[in-house]
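In what follows, a single structure is set out as structure tokens and then discussed.
Atoms within each ligand, like the ligands themselves, are counted from 1 in listed order. Each residue takes its place number in the sequence, starting with 1.
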Amino acid sequence: MKIFKNFSLQEHNTFGIQVITDYYIQIEDRGDLNLLTEQIDFSNDKYFILGVGSNILFTNNFNGYIIQNRCSEIKVTEQNNVYSIIRADAGCIWDNFVEFCLNTGVYGAENLSGIPGTVGASAVQNIGAYGREVSEFIYKVEFFDLIEKQFKTISANDCKFTYRNSIFKNELKDRALITSVTYRFPKKNELKINYADLEIYFSTNKIEINPISIRNAVLLVRNSKLPDYKITGNAGSFFKNPIVDSIKFKHLLSIFPDLKYFPVEENKYKIAAGWMIDKCGLKGFVYENAAVHEKQALVLINKTGKATGREILELSEIVKAKVFNTFEVTLESEVIIL
Ligand code: EPU
């Protein structure tokens, strides 16, 4: 276990916000978790478990402990004709995991290529993109219960996965330090390209559709729309796509016939927040050192590299207010604000 005092988090959040944490603790093996409970009183002390900081906005210095799990082993634990089971440590970089799967001939995660973050965060956030959500493949999650000081395992069913949500953001928030995620990939994996951007890519490029070409297509589409955080700080989509009932949906559609939406379940519709923000004329809108991304309005960026967390938060409030005034829909942030 490594402990750093008065540590800058600028390199540890993809917005590139300069803030200081009182303590920064790196976990290097499972044994460190017991040491951690001697160091921190988890019932009283302030702490936060950070992956690579790709879904977080720091608005202030952090007066407590930031904990980062650096364990990153990946293992195929079972293979048969029906499925492959792969266990990955929570600190593993998500895209390295996707690459490992493809190199091992295990398919399913290709649509989730290029998402910044860790394996642990994939379960917390139920990451999703291009027609797939990671909860389709999660089998079980192991975590260290910081209050009861013991390792526990829960099945995917008990993780209560919904759109960008899980038990780890609710009942187990501030309590579970995820140590590993086990995924189960069916051998008979259906390739999914029924997402507008992928359909366009494959119909214009006439390339054979296989898991590797899907990964390449996803990486290309992502790179063409989403800014590279190493160049321009951002945390991907800042807001979730709001889900509305059919009454609200029909009302919106009658006023905005070009509304972009996806039916999600009976009588529920997910409305493209990026489209709404764009429709409000906010694409490229600049506020102090922050801005709405020019190619994808759902993404807020640290435009000059000097933005403070406050500036990005204020920009998000402006966006929310404008969307509410136009559509009477409240946007919720996807990014965790600290
Ligand atoms: N749109 C616009 N203008 C914009 C942005 C989007 O008109 O400025 C339209 C698009 O043309 C499209 C629709 O809105 O018709 C949806 O846009 P897109 O396909 O880019 O996806 P999204 O709903 O904005 C979601 C995820 C992304 C994920 C993409 C691709 C959320 C909050 N975001 O974005 O995830 O990469 O789908 O699957 O669900 C993330 O979570 O950080 C993230 C990047």
Side-chain angles (χ1 to χ4, degrees), residues 13-15 51-57 94-95 98 109-118 121-136 161-166 169 192-201 214-215 217-229 232-244 252-253 256-264 269-285 291-301 312 316 319-320 322-323 326-327 329-337:
N13 70 97
T14 59
F15 265 121
V52 295
S54 55
N55 200 41
I56 193 128
L57 177 66
W94 170 257
D95 198 54
V98 176
E110 54 279 356
N111 294 51
L112 304 175
S113 290
I115 298 181
T118 58
S122 77
V124 175
Q125 179 69 2
N126 185 17
I127 55 172
Y130 304 104
R132 287 246 192 243
E133 267 186 0
V134 77
S135 54
E136 294 172 53
F161 291 121
T162 53
Y163 169 58
R164 296 292 195 275
N165 206 353
S166 73
K169 287 175 103 176
K192 266 203 175 174
I193 61 146
N194 56 336
Y195 193 94
D197 286 338
L198 295 186
E199 277 170 358
I200 295 167
Y201 175 87
I214 293 180
R215 172 172 170 79
V218 166
L219 291 175
L220 264 167
V221 172
R222 284 187 71 89
N223 291 341
S224 70
K225 285 195 170 179
L226 301 170
D228 178 353
Y229 71 82
T232 306
N234 75 90
S237 304
F238 193 90
F239 301 101
K240 288 190 220 174
N241 286 323
I243 294 171
V244 301
L252 283 173
L253 199 60
F256 305 99
D258 53 338
L259 187 74
K260 293 281 189 296
Y261 64 91
F262 323 85
V264 276
Y269 296 84
K270 200 189 264 181
I271 312 293
W275 177 86
M276 289 197 280
I277 300 168
D278 194 352
K279 192 84 180 167
C280 290
L282 287 170
K283 219 178 206 174
F285 175 77
V292 175
H293 187 47
E294 282 159 358
K295 293 187 194 148
Q296 223 301 5
L298 199 48
V299 178
L300 304 187
I301 59 170
I312 291 170
S316 78
V319 170
K320 266 172 95 165
K322 198 112 193 238
V323 167
T326 312
F327 300 95
V329 170
T330 304
L331 293 184
E332 259 180 57
S333 55
E334 194 213 314
V335 167
I336 297 165
I337 296 163

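- Checked against Phe238 for a side-chain contact (heavy atoms from CB on, under 4.5 Å), the options Leu300, Val299, Leu298, Asn55 give a single hit: Leu300.
- Using a 4.0 Å cutoff on heavy atoms, Arg222 counts as a contact of ligand 1.
- For atom 5 (C) of ligand 1, the nearest protein heavy atom lies under 4.0 Å away.
- A cation-pi arrangement is not found for Lys279 relative to Phe256, the charged atom failing to lie both closer than 6.0 Å to the ring centre and inside a 45° cone about the ring normal.
- Distances between N or O atoms of Ala297 and those of ligand 1 include at least one value under 3.5 Å.
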Evaluate side-chain contact (heavy atoms from CB on, under 4.5 Å) for Phe239 paired with Val319, printing each intermediate quantity in order.
-> CA-CA 10 Å; Phe239 301 101; Val319 170; 3.7 Å; yes

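- Nearest-residue assignment for atom 39 (O) of ligand 1 (options Tyr163, Tyr195, Phe239; heavy-atom criterion): Tyr163.
- Backbone and side-chain nitrogen or oxygen atoms of Lys295 are examined, and none is located within less than 3.5 angstrom of a nitrogen or oxygen of ligand 1.
- Regarding atom 3 (N) of ligand 1, its nearest protein heavy-atom neighbour is Asp278 OD2, 2.7 Å.
- In terms of the side chain to side chain donor-acceptor pair (under 3.5 Å) criterion, residue partners of Ser135 (sequence neighbours excluded) are, by chain and number, Asn126.
- In the candidate list Ala272, Pro242, Ser237, Ala272 is nearest to atom 16 (C) of ligand 1, counting heavy atoms.
- When only interatomic distances are considered, the shortest N/O to N/O separation between Lys260 and ligand 1 does not fall below 3.5 Å.
- The protein heavy-atom contact nearest to atom 38 (O) of ligand 1 is Tyr130 N, 2.6 Å.
- Using a 4.5 Å cut-off on side-chain heavy atoms (C-beta onward), Met276 and Thr326 make no contact.
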Step-by-step salt bridge (charged side-chain N to carboxylate O under 4.0 Å, His left out) determination, Arg222 to Asp197 = CA-CA 10 Å; Arg222 284 187 71 89; Asp197 286 338; over 6 Å; no

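- Residues Pro116 and Tyr229 form a side-chain contact, since some pair of their non-hydrogen atoms from C-beta on lies under 4.5 Å apart.
- Ligand 1 has Arg164 within reach: a non-hydrogen atom of the residue lies less than 4.0 Å from it.
- In this structure the side chain of Tyr201 never reaches within 4.5 angstrom of the side chain of Ile193, judged on heavy atoms.
- For Lys283, the salt bridge (charged side-chain N to carboxylate O under 4.0 Å, His left out) test picks out Asp278, with sequence neighbours left out.
- For ligand 1, the atoms lying closer than 4.0 Å to a non-hydrogen atom of Gly236 are 42 (O).
- Protein non-hydrogen atoms do reach within 4.0 Å of atom 14 (O) of ligand 1.
- Contact of the His293 side chain with the Asn234 side chain is not registered, since no non-hydrogen atoms from C-beta on lie closer than 4.5 Å.
- Ligand-side atoms of ligand 1 in range of Lys225: 20 (O), range being under 4.0 angstrom from any heavy atom.
- Ala129 CB, 4.0 Å is the protein heavy atom nearest to atom 28 (C) of ligand 1.
- For ligand 1 and Glu334, the ligand atoms under 4.0 Å from any heavy atom of the residue are 32 (C), 40 (C), 41 (O), 42 (O).
- Closest to atom 17 (O) of ligand 1, if we only count protein heavy atoms, is Gln296 NE2, 4.1 Å.
- In this structure, the side chains of Val335 and Ile312 stay at 4.5 Å or more apart for every pair of heavy atoms.
- With respect to atom 23 (O) of ligand 1, the closest heavy atom belonging to the protein is Asn241 ND2, 2.8 Å.
- Protein heavy atom in closest approach to atom 9 (C) of ligand 1: Trp275 CB, 3.9 Å.
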